[in-house]
Novice: 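Just dropping this structure here.
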Amino acid sequence: MAELQRRLKRRGTDTPAVMQRRLREAGRECAAGASYDYLIINDKLDQTVEALAQVCQAARHRLSR
């Protein structure tokens with residue numbers, strides 16, 4: 001959450017109210033993380049793209065859709 005807050009502040013495109021709303025929403029999403037099938041952390045673009053490609057590949061091979 002601290003990293004998200006740092007990025008939002010550095011970007012400087014959102015009002016403080018919008019930043020707070022985005023942080024609250026991110027908190028709810030993180031709390032629901034156990035219900036997700038995959039976790040991709042977007043900190044290094046090339047690794048993130050590769051991880052997403054692997055998830056897409058796995059999804060194409062699932063038996064149940």
Novice: Measure across L4 and A26 and return the closest heavy-atom pair with its distance rounded to 0.1 Å.
Specialist: CD2-CB, 3.4 Å

Novice: What is the minimum heavy-atom distance between G27 and M1, and which atoms define it?
Specialist: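 Closest approach of G27 to M1: N-CE, 3.8 Å.
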
Novice: How long is the span from the OG1 atom in T13 to the CE atom in M19, to the nearest 0.5 Å?
Specialist: 9.0 Å

Novice: How long is the gap from NZ on K9 to CD on Q5, to the nearest 0.5 Å?
Specialist: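 Rounded to the nearest 0.5 Å, the NZ-CD separation comes out at 4.5 Å.
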
Novice: With rounding to the nearest 0.5 angstrom, report the CZ to SG distance, R28 to C30.
Specialist: 11.5 Å

Novice: Could you tell me the separation between the OG1 atom of T48 and the CD1 atom of I41, rounded to the nearest 0.5 Å?
Specialist: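 Between T48 OG1 and I41 CD1, I get 9.0 Å after rounding to 0.5 Å.
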
Novice: As a quick check of understanding, evaluate side chain to side chain contact (heavy atoms under 4.5 Å, CB included) for V18 and L8, giving each step before the final call.
Specialist: CA-CA 10 Å; V18 170; L8 289 172; over 6 Å; no

Novice: Can you tell me how far OG1 of T15 sits from CD of Q20, rounded to the nearest 0.5 angstrom?
Specialist: 9.5 Å

Novice: Same cluster for Y38 and L52 if Ile/Leu/Val/Met/Phe/Trp/Tyr side chains link at under 4.5 Å?
Specialist: yes

Novice: Of all heavy-atom pairs between D43 and R7, which one has the smallest distance, and what is that distance?
Specialist: CA-NH2, 4.0 Å

Novice: Are the charged groups of R6 and E3 less than 4.0 angstrom apart, N to O?
Specialist: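 Yes, this pair counts.
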
Novice: With side chain to side chain contact (heavy atoms under 4.5 Å, CB included) as the test, would you mind laying out the steps for D37 and R62 before giving the verdict?
Specialist: CA-CA 12 Å; D37 292 329; R62 286 181 67 170; 3.9 Å; yes

